[in-house]
Protein chains: 2
Amino acid sequence: MATNPSSTVVRAWARLVKAQQFAQGAIESRLKAARLPPLAWYDALLELERPGTCGLRPFELERALLLSQCNLSRLIDRLENAGYAGRRVYEQDGRGQVVVITAAGKSIRRRMWAVYGPAIQGALGAHLTPHQAAVLDELLGAMVAKSTAHQGRRAPLVAEPAPLHVRPAAGSTNSPTAQRRRLRPASRRAARRPS
Amino acid sequence: MATNPSSTVVRAWARLVKAQQFAQGAIESRLKAARLPPLAWYDALLELERPGTCGLRPFELERALLLSQCNLSRLIDRLENAGYAGRRVYEQDGRGQVVVITAAGKSIRRRMWAVYGPAIQGALGAHLTPHQAAVLDELLGAMVAKSTAHQGRRAPLVAEPAPLHVRPAAGSTNSPTAQRRRLRPASRRAARRPS
DNA sequence: TTCAAATACATGCAACTGCAACCAATTGGA
DNA sequence: TCCAATTGGTTGCAGTTGCATGTATTTGAA
């Protein structure tokens, strides 16, 4: 376990970092140029839209997004201030919450995908043949799976990144079952339009 | 160019992000546990140690490390405050500087590698066969090369991540040719031990 | 029943990042 | 020669992250 990596593994690691930084930089700057929210918002909104309309507990989002608890809490703040998500009390456990996506959240996610999708293609897809993409996908998938299973000290991580990106998401915007029992501190930061 | 990516490419992208985050998190936390500086310091010190003892201009480091200029300036501040690097005036151009690594910098880089190397192996190498590692390395290398060549609007990026990691680095710590003409503002932030 | 431990989430603080603005030296015409 | 444009680097500010801590609720065992 404490052995040194081969030079191939080291080079692969260096390139993994560079490739990710490069692609993320390009994507992030395209979103910014379109005056859209950052990537992290998209990921969160996508997760929230995924499981029907029931919403997600913050700690579930935390694992799905690989975020620390405190940062997730503040990300939800921002989404809430922007009107893209809302907090509901979790009836079965007074400590807990359920985070739900709003209609505006669904809308902005779709608008982001219109930029995000082509940006992925430009940063990754354009440089790979379909076969290369499949091989890369397989290798990285195996790595992620082993990482989460093996040394999964932080969190189990979401099982699959999953390709879902545009979906009807049948159901009403607000869950009628959540009765809004008022959330605890509620001393949230002042709202700021993401403009 | 504005086309949508295949679902395979999207999944590969999602996994690229997860794999990188996971590995980086694991590595970073191992360094922290060993009370060593963060990864970014290592990368910078490695670049500084690479080209003989002549040092590097900040804008060269900027491209090598994929950092913005303002952030690099502050990273150099931190390295300087920690005693791991120094600024020298660039005689041929009064605006410019040359950043050089100190003996302490070389020493800490080696101590970091003792943790960093095994951490790479644990986060990446342990999950890949040698053949898989070679394939991943190839694919990512091609991607990085195409990215930098194609839409290289930010910077040319370093040609090769290069495996060099433990090296004699023959030469004195301080270049005897730099005459220390005093650097401009010099109103640096107060030194803080990285401890 | 009661209370310590665990869980779910929030927040103060320091550090780090990106953006925009800035200053100084150099270059390149007119 | 002179001055506008460019290049090299720094800094103020606002926003984001990590760490440690705090608070409310629930669980579990005596």
Side-chain angles (χ1 to χ4, degrees), chain A residues 21 24-25 28-29 31-33 35 37-41 44 56-63 65-82 87-99 154-155 181-195, chain B residues 21 24-25 28-29 31-33 37-41 44 56-63 65-82 87-99 154-155 181-190 192-195:
Chain A
Q21 280 181 353
Q24 175 151 352
E28 207 78 76
S29 81
L31 286 173
K32 190 165 306 177
R35 310 184 70 71
L39 217 40
W41 292 31
L56 280 176
R57 303 288 303 273
F59 71 90
E60 297 175 301
L61 257 183
E62 181 185 330
R63 275 146 208 181
L65 300 179
L66 233 45
L67 277 175
S68 64
Q69 186 261 323
C70 60
N71 281 329
L72 175 65
S73 174
R74 288 182 277 221
L75 174 59
I76 298 173
D77 285 351
R78 285 170 233 143
L79 290 175
E80 196 170 28
N81 284 338
R87 288 174 158 104
R88 306 276 181 271
V89 295
Y90 182 60
E91 296 298 330
Q92 281 79 46
D93 185 340
R95 302 167 295 186
Q97 309 175 346
V98 177
V99 184
R154 298 179 67 98
R181 203 177 55 194
R182 210 176 80 237
L183 297 171
R184 276 190 291 99
S187 68
R188 305 253 150 250
R189 299 158 191 58
R192 271 195 356 100
R193 289 308 321 282
S195 164
Chain B
Q21 281 181 353
Q24 176 151 350
E28 214 64 88
S29 81
L31 285 172
K32 190 164 304 174
L39 218 39
W41 292 32
L56 280 177
R57 303 288 303 274
F59 71 88
E60 296 176 302
L61 257 183
E62 182 186 329
R63 274 146 207 180
L65 299 179
L66 234 44
L67 276 175
S68 64
Q69 195 193 35
C70 60
N71 281 327
L72 176 64
S73 175
R74 289 182 276 222
L75 174 59
I76 298 173
D77 284 352
R78 286 170 232 143
L79 291 174
E80 196 169 27
N81 284 338
R87 286 172 158 105
R88 307 276 181 272
V89 295
Y90 182 61
E91 297 299 328
Q92 281 79 47
D93 186 337
R95 302 168 294 185
Q97 309 175 345
V98 178
V99 184
R154 298 180 67 97
R181 204 176 54 194
R182 210 175 81 236
L183 297 171
R184 274 188 294 96
S187 67
R188 305 254 151 249
R189 299 157 189 59
R192 272 196 354 103
R193 288 308 319 284
S195 164

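Just so it is clear: chains get the letters A, B, ... in the order the sequence lines come, proteins before strands, and each one is counted from 1.
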* Structure fact -> By nearest-nucleotide position on DNA chain C, the 5'-leaning member of B/N71 and A/N71 is A/N71
* To do: Please report, rounded to the nearest Å, how far the C1' atom of C/dT27 is from the CD atom of B/Q92.
  => 16 Å
Please enumerate all protein N or O atoms sitting under 3.5 Å from an N or O of nucleotides 4-7 of chain C, with distances to 0.1 Å.
residue	atom	partner	partner atom	Å
C/dT7	O2	A/R95	NH1	2.8

* Asked: Picking from C/dA10, D/dG9, C/dC9, which would you name as closest to the side chain of B/P58?
  -> D/dG9
* Can you figure out which of C/dA10, D/dG18, D/dG8 approaches the side chain of B/Q69 most closely? => D/dG8
* To do: Work out which heavy atom in A/L61 is nearest to a heavy atom in A/A44; give both atom names and the distance.
  => CD2-O, 4.2 Å
* Asked: C/dC16 P sits how many Å from B/L39 CG, rounded?
  -> 14 Å
* Asked: When A/S68 is tested against each of A/L72, A/L65, A/N71, A/L66 for side chain to side chain contact (heavy atoms under 4.5 Å, CB included), which residue passes?
  -> A/N71
* Separation of B/E62 CD from B/I76 CD1 (nearest 0.5 Å) -> 9.5 Å
* So how far is it from A/S73 OG to A/R87 CZ, rounded to the nearest 0.5 Å? -> 5.0 Å
* Structure fact -> In terms of heavy-atom contacts, A/A40 and A/L75 come closest through O-CD2, 4.3 Å
* To do: Return the 5'-most residue of the pair A/K32, A/R57 with respect to DNA chain C, ranking by each residue's nearest nucleotide.
  => A/R57
* Structure fact -> For DNA chain C, the dot-bracket notation using Watson-Crick and G-U wobble pairs below 3.5 Å, [ ] for pseudoknot-type crossings and | for other-strand pairs, is ||||||||||||||||||||||||||||||
* Give the rounded distance in Å between these two atoms: CG of A/L67 and P of C/dC9. => 14 Å
* Asked: Looking at D/dT10, D/dT11, C/dC16, which one has an atom nearest to any side-chain atom of B/Q97?
  -> D/dT10
* Asked: How many angstroms lie between atom CZ of B/R88 and atom CD of B/Q97, to the nearest 0.5 angstrom?
  -> 11.0 Å
* To do: Ignoring the backbone of A/F59, work out which of C/dC19, C/dA10, C/dA8 is nearest its side chain.
  => C/dA8
* Structure fact -> Correct closest heavy-atom pair for B/P38 and B/L31 would be C-CD1, 4.3 Å
* What integer distance in Å separates B/L56:CG from D/dG8:C1'? -> 15 Å
* Report yes if a side-chain nitrogen or oxygen of A/S73 is closer than 4.0 Å to either non-bridging phosphate oxygen (OP1 or OP2) of C/dC9; otherwise report no. => no
* Asked: Who passes side-chain contact (heavy atoms from CB on, under 4.5 Å) against A/E60, sequence neighbours left out?
  -> A/L56, A/R57
* For A/L61 and C/dA10, give me the distance from atom CG to atom P, rounded to whole Å. => 12 Å
* Side-chain donor/acceptor contact of B/R74 with base of D/dG12 under 3.5 Å -> yes
* Structure fact -> Whole-Å distance, A/L72 CG to D/dT17 P, equals 11 Å
* To do: Please check the phosphate of C/dA10 (OP1 and OP2 only) for any side-chain N or O of A/R87 closer than 4.0 Å.
  => yes
* Expressed in angstrom and rounded to an integer, what is the separation of A/L75 atom CG from C/dC9 atom C1'? -> 14 Å
* **Rounded interatomic separation in angstrom, taking CG from A/D77 and P from D/dT16** => 11 Å
* Structure fact -> Of all heavy-atom pairs linking A/V99 and A/P58, the shortest is CG2-CG, 3.9 Å
* Presence of B/R63 side-chain N/O under 4.0 Å of D/dG8 phosphate oxygens OP1/OP2 -> no
* Asked: Nearest 0.5 Å, what's the CZ-CD distance between A/F59 and A/Q69?
  -> 11.5 Å
* To do: Looking only at side-chain atoms of A/D93, point me to the closest of C/dA10, D/dT10, D/dT26.
  => D/dT26
